[in-house]
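Shown next, in structure tokens, is the structure this report addresses.
From a predicted model like this one, the values you see are computed outputs, not experimental measurements. All chains are named by letter (A, B, ...) in the order of the sequence lines, taking the proteins before the strands, and each is independently numbered beginning at 1.
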Protein chains: 2
Amino acid sequence: MSKTDSSPDEAYSALERLYDDPEERIATLQDIRPSEQDVTGQETVFKALGNEDRLRVLSALRESECCGCELQIVLDAPQSTVATHLRKLKEAGLVKSRKKGKWSYYRIADTAVFELLDLAHAIQEDV
Amino acid sequence: MSKTDSSPDEAYSALERLYDDPEERIATLQDIRPSEQDVTGQETVFKALGNEDRLRVLSALRESECCGCELQIVLDAPQSTVATHLRKLKEAGLVKSRKKGKWSYYRIADTAVFELLDLAHAIQEDV
DNA sequence: CATATGAATCGAGGAAATACGATACGATGA
DNA sequence: TCATCGTATCGTATTTCCTCGATTCATATG
């Protein structure tokens, strides 16, 4: 009989009860629209990092540059699986690669990647 | 008639052709086993960050503490959706909450979260 | 040019994450 | 205590992601 969960109107009336001048607060909240590009870029990076296999690859590349077949051993996974992970890491800007003969060598793109990994580790430590 | 893609043996023989002493390299690669806990913790954090809505929530919390109904307006999404996102962010240790009356107020848990967001932004900038 | 080899791409099936209505919970106040 | 309201959880339909065999591509070598 009442309004359903899905109506954002519920949120509006809630704010109207919460503030003396709700209009201003609502306008402020609605203005929090980080540029689509920014959010999408961050999302790409974090999605690429949010996978156990890919975190293991980065952990290996932290030690030294590796070619594809070496990472196959690190992950103990078939070639196509490893190649797919590497593509995602590259698209996110987390690793770079160079070709030498028939081999592709992968390395971490930037020290910022180390920082990301360390920060995530630190955050999860005290949860 | 030949070995298939899925056999990791392929990778082993590749390394045997690549190195004079492949055994040592293989042993080194296999030893790259970051502790299960470490990887899982990082994975949780990055998975939580790898979602557009949740990035927008963090962007809002960067400005000020918000209660649930305010974040409903930021995301323009139904209440249950917002609550689910907030739970994930909490479980990952990215936000904390306090209750005041019937309201739950959310805030960013640690400045490390700002650093994560900024680093991801910087990385994706030059891809 | 034919063959071998390391890597990249494609496509289908399965697994995991997400969205959201329905419902339950906990605090407030009449 | 009953109604209201902000929030949390549940169940499930949908979407997205992942895996991996098959195939293709590129380079090297006989």
(Q) Taking the nucleotide of DNA chain D with the nearest heavy atom to each, does G50(A) or G101(A) sit closer to the 5' end? (A)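 Result of the comparison: G50(A).
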
**Q.** Nearest-nucleotide comparison on DNA chain D, the residue closer to the 5′ end among T84(A) and E70(B)
**A.**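 So the residue in question is E70(B).
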
Is [X] close enough to [N] that one of its side-chain N or O atoms is under 4.0 Å from OP1 or OP2 there?
X	N	value
R54(B)	dT18(C)	yes
R87(B)	dT9(D)	yes
S104(A)	dA8(C)	yes
T81(A)	dC20(D)	yes

Quickly work out the [X] [atom1] to [N] [atom2] distance and round it to whole Å.
X	N	atom1	atom2	result
Q72(A)	dT5(C)	CD	P	14 Å
K102(B)	dA8(D)	NZ	P	14 Å
L75(B)	dA19(C)	CG	P	9 Å
F46(A)	dC17(D)	CZ	C1'	19 Å
W103(A)	dA4(C)	CH2	C1'	11 Å
K90(B)	dA8(D)	NZ	C1'	10 Å
K99(B)	dT28(C)	NZ	C1'	12 Å
L86(A)	dG6(C)	CG	C1'	13 Å

If you only use heavy atoms from C-beta on, which nucleotide in [options] is closest to the side chain of [X]?
X	options	result
N51(A)	dC20(C), dC18(D), dA19(C)	dC18(D)
Y106(A)	dG21(C), dA8(C), dT19(D)	dA8(C)
C69(A)	dA8(D), dA7(C), dT18(C)	dA7(C)
S80(A)	dA22(D), dG21(C), dA27(C)	dA22(D)

Q: Applying side chain to side chain contact (heavy atoms under 4.5 Å, CB included) between V57(A) and each of I108(A), N51(A), L75(A), report the one that passes.
A: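 Considering I108(A), N51(A), L75(A), a side chain to side chain contact (heavy atoms under 4.5 Å, CB included) with V57(A) is found only for L75(A).
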
**Q.** With S97(A), the side chain to side chain contact (heavy atoms under 4.5 Å, CB included) member among K90(A), R107(A), R87(A)
**A.**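 Among K90(A), R107(A), R87(A), the one that satisfies the side chain to side chain contact (heavy atoms under 4.5 Å, CB included) with S97(A) is K90(A).
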
Q: Tell me which of K100(B) and D53(B) sits closer to the 5' end of DNA chain C, going by the nucleotide each one is nearest to.
A: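 Closest to the 5' end, via its nearest nucleotide, is D53(B).
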
Q. Which is it for R56(A) and D38(B) under the salt bridge (charged side-chain N to carboxylate O under 4.0 Å, His left out) test, yes or no, and what are the steps along the way?
A. CA-CA 10 Å; R56(A) 289 188 191 285; D38(B) 288 1; over 6 Å; no

Using a heavy-atom cut-off of under 4.0 Å over every strand shown, decide if [X] touches base, sugar-phosphate, or nothing.
X	answer
K88(A)	sugar-phosphate
A83(A)	base
K47(B)	sugar-phosphate

Taking [Y]'s backbone N and O only, do any of them form a donor-acceptor pair with [X]'s side chain (distance below 3.5 Å, no angle check)?
X	Y	value
S59(A)	L55(A)	no
R25(B)	E70(A)	no
T84(A)	S80(A)	yes

